[in-house]
Amino acid sequence: MSGLVVVTGAAGALGRAVAQAFIEQGNPVLLVDYNEQVLRSAYEGVAGTKYFLLADLTDGAATLAALGQALQAHGPATVLCNIAGGFAMGVDVHDADASVWQRMLDLNVTTTLNACRAVVPGMLAAGRGKVINIAAASASSGKASMGAYCASKSVVARLTESMALELREKGINVNAIAPSIIDTPANRADMPDADFAKWVSTRQLADVIGFLASERASAIHGAVIPVVGLS
């Protein structure tokens, strides 16, 4: 689908791969993140039409204001890729204090909700749009010492299904991918003895997201697609 693509978490490894794939296809891309220096350095030398937007997506009012202004200038958006998120593990459910749960909900759920609140009304007005969220393969069931993360990504999956039912007859597709371990520099550093060849690459994930954003996926609504490589 041609038109403005919004990518949140655009400075991260997956966000960069997704944004660059859309830029390579000739789409204008609105790159959203919270650290200006990291965001701009991530796209230094990347040719194409791109706009930078600094926003704290955990802040609803700030997100609506920042994205609203950007979309008025460059939009409306035809595609929203909710890449922003976070991961935490190592604490059992009974030991995890409120801050652990709140952080996972803020990073994975609140960011997605706030971006949708800002972008979807414009899609509704235009009568078309694609929303792609990031769930997690590990959140298909509970995992030891990952309760807060699994719970937050499960919420993303259920939100995806609910939004799809609400918007599918209004020209908007809402779907999600559910990656396993993503091959990123950070994950390699954290798990140096792992078999990286079994992980899923950021480019592979970007390809699936690109498909979901295309007209070839026009009949797909509310899917949470596992993308797990060989892991």
Side-chain angles (χ1 to χ4, degrees), residues 7-18 33-35 38 56-60 81-116 131-165 174-209 212 220 222-231:
V7 178
T8 72
L14 180 55
R16 291 198 305 272
V18 170
D33 217 298
Y34 64 91
N35 186 310
V38 174
D56 177 3
L57 295 174
T58 66
D59 184 325
C81 301
N82 283 310
I83 312 296
F87 174 76
M89 65 174 295
V91 182
D92 290 350
V93 169
H94 66 278
D95 280 332
D97 63 30
S99 66
V100 174
W101 293 92
Q102 193 61 56
R103 180 170 181 268
M104 287 295 93
L105 290 170
D106 283 344
L107 292 179
N108 293 320
V109 180
T110 303
T111 57
T112 298
L113 284 172
N114 286 338
C116 287
V131 178
I132 300 102
N133 299 325
I134 307 298
S138 60
S140 61
S141 61
K143 301 292 186 295
S145 302
M146 291 175 58
Y149 176 75
C150 289
S152 67
K153 285 298 191 180
S154 180
V155 171
V156 172
R158 302 294 82 77
L159 287 174
T160 299
E161 294 161 349
S162 295
M163 289 182 67
L165 290 170
V174 185
N175 294 291
I177 62 168
S180 57
I181 300 174
I182 304 174
D183 189 1
T184 66
N187 282 338
R188 288 193 177 207
D190 289 341
M191 294 171 275
D193 298 325
D195 184 353
F196 306 143
K198 292 187 175 182
W199 294 355
V200 62
S201 73
T202 56
R203 186 64 198 212
Q204 289 171 320
L205 292 167
D207 286 342
V208 178
I209 289 171
L212 290 174
I220 303 176
V224 181
I225 301 173
V227 188
V228 299
L230 299 176
S231 59

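Counting begins at 1 with the first residue of the sequence. The figures here come from the full heavy-atom set of this structure, side chains too, leaving out hydrogens, waters and symmetry mates.
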Could you check Leu107 against Ser152 for side chain to side chain contact (heavy atoms under 4.5 Å, CB included), going step by step and ending with a plain yes or no?
-> CA-CA 9 Å; Leu107 292 179; Ser152 67; over 6 Å; no

Would you say the side chain of Ser154 lies within less than 4.5 Å of the side chain of Arg158, judging by non-hydrogen atoms?
-> yes

At their closest point, which heavy atom of Ala135 faces which heavy atom of Pro179, and how far apart are they?
-> O-CD, 3.4 Å

What is the distance from atom OG1 of Thr112 to atom CD1 of Ile83, rounded to the nearest 0.5 Å?
-> 9.0 Å

Atom CG in Asn108, atom CG in Leu113: separation rounded to 0.5 Å?
-> 11.0 Å

Between the side chain of Asp97 and the main-chain N/O of Ser99, is any donor-acceptor distance below 3.5 Å?
-> yes

Here the pair of heavy atoms bringing Tyr149 nearest to Gly86 is CE1-O, 3.3 Å

Residues passing the side-chain contact (heavy atoms from CB on, under 4.5 Å) test with Thr111, sequence neighbours excluded, are Leu57, Thr58, Ala84

For Leu14 and Ile134, what are the C-alpha separation, side-chain angles and deciding distance, and is it a side chain to side chain contact (heavy atoms under 4.5 Å, CB included)?
-> CA-CA 10 Å; Leu14 180 55; Ile134 307 298; 4.3 Å; yes

Is there a donor-acceptor pair closer than 3.5 Å between any side-chain N or O of Asn82 and the backbone N or O of Ala115?
-> no

Do Val174 and Glu161 have side chains that get closer than 4.5 Å, going by heavy atoms?
-> no

Just by distance, do the side chain of Asp183 and the backbone of Val200 share a donor-acceptor pair under 3.5 Å?
-> no

Spacing of Arg203 atom CZ and Ile209 atom CD1 [to the nearest 0.5 Å] = 11.0 Å

Enter the distance from Ile181:CD1 to Met191:CE here, rounded to the nearest 0.5 Å.
-> 4.5 Å

Considering non-hydrogen atoms only, spot the tightest contact between Arg103 and Phe87 and give its length.
-> NH1-O, 4.1 Å

Between Ile177 and Leu205, does a side chain to side chain contact (heavy atoms under 4.5 Å, CB included) hold up when you go through it step by step?
-> CA-CA 8 Å; Ile177 62 168; Leu205 292 167; 3.8 Å; yes

Looking only at non-hydrogen atoms, find the nearest pair between Ser180 and Ser231 and report the distance.
-> OG-OG, 2.7 Å

Check whether any side-chain heavy atom of Leu159 sits under 4.5 Å from a side-chain heavy atom of Val109, and report yes or no.
-> yes

Between Lys143 and Ser141, is any side-chain donor less than 3.5 angstrom from a side-chain acceptor?
-> yes

What's the shortest heavy-atom distance between Ser138 and Cys150, and which atoms?
-> O-SG, 3.6 Å

Any sub-3.5 Å donor-acceptor pair from Asp33's side-chain atoms to Ala10's backbone N or O?
-> yes

Grab the two heavy atoms, one from Ala151 and one from Trp101, that are nearest each other, plus how far apart they are.
-> CB-CZ3, 4.0 Å

Less than 4.5 Å apart, any side-chain heavy atom of Thr160 and any of Val156?
-> yes

State, with a plain yes or no, whether a side-chain heavy atom of Thr184 is found less than 4.5 Å away from one of Thr202.
-> yes

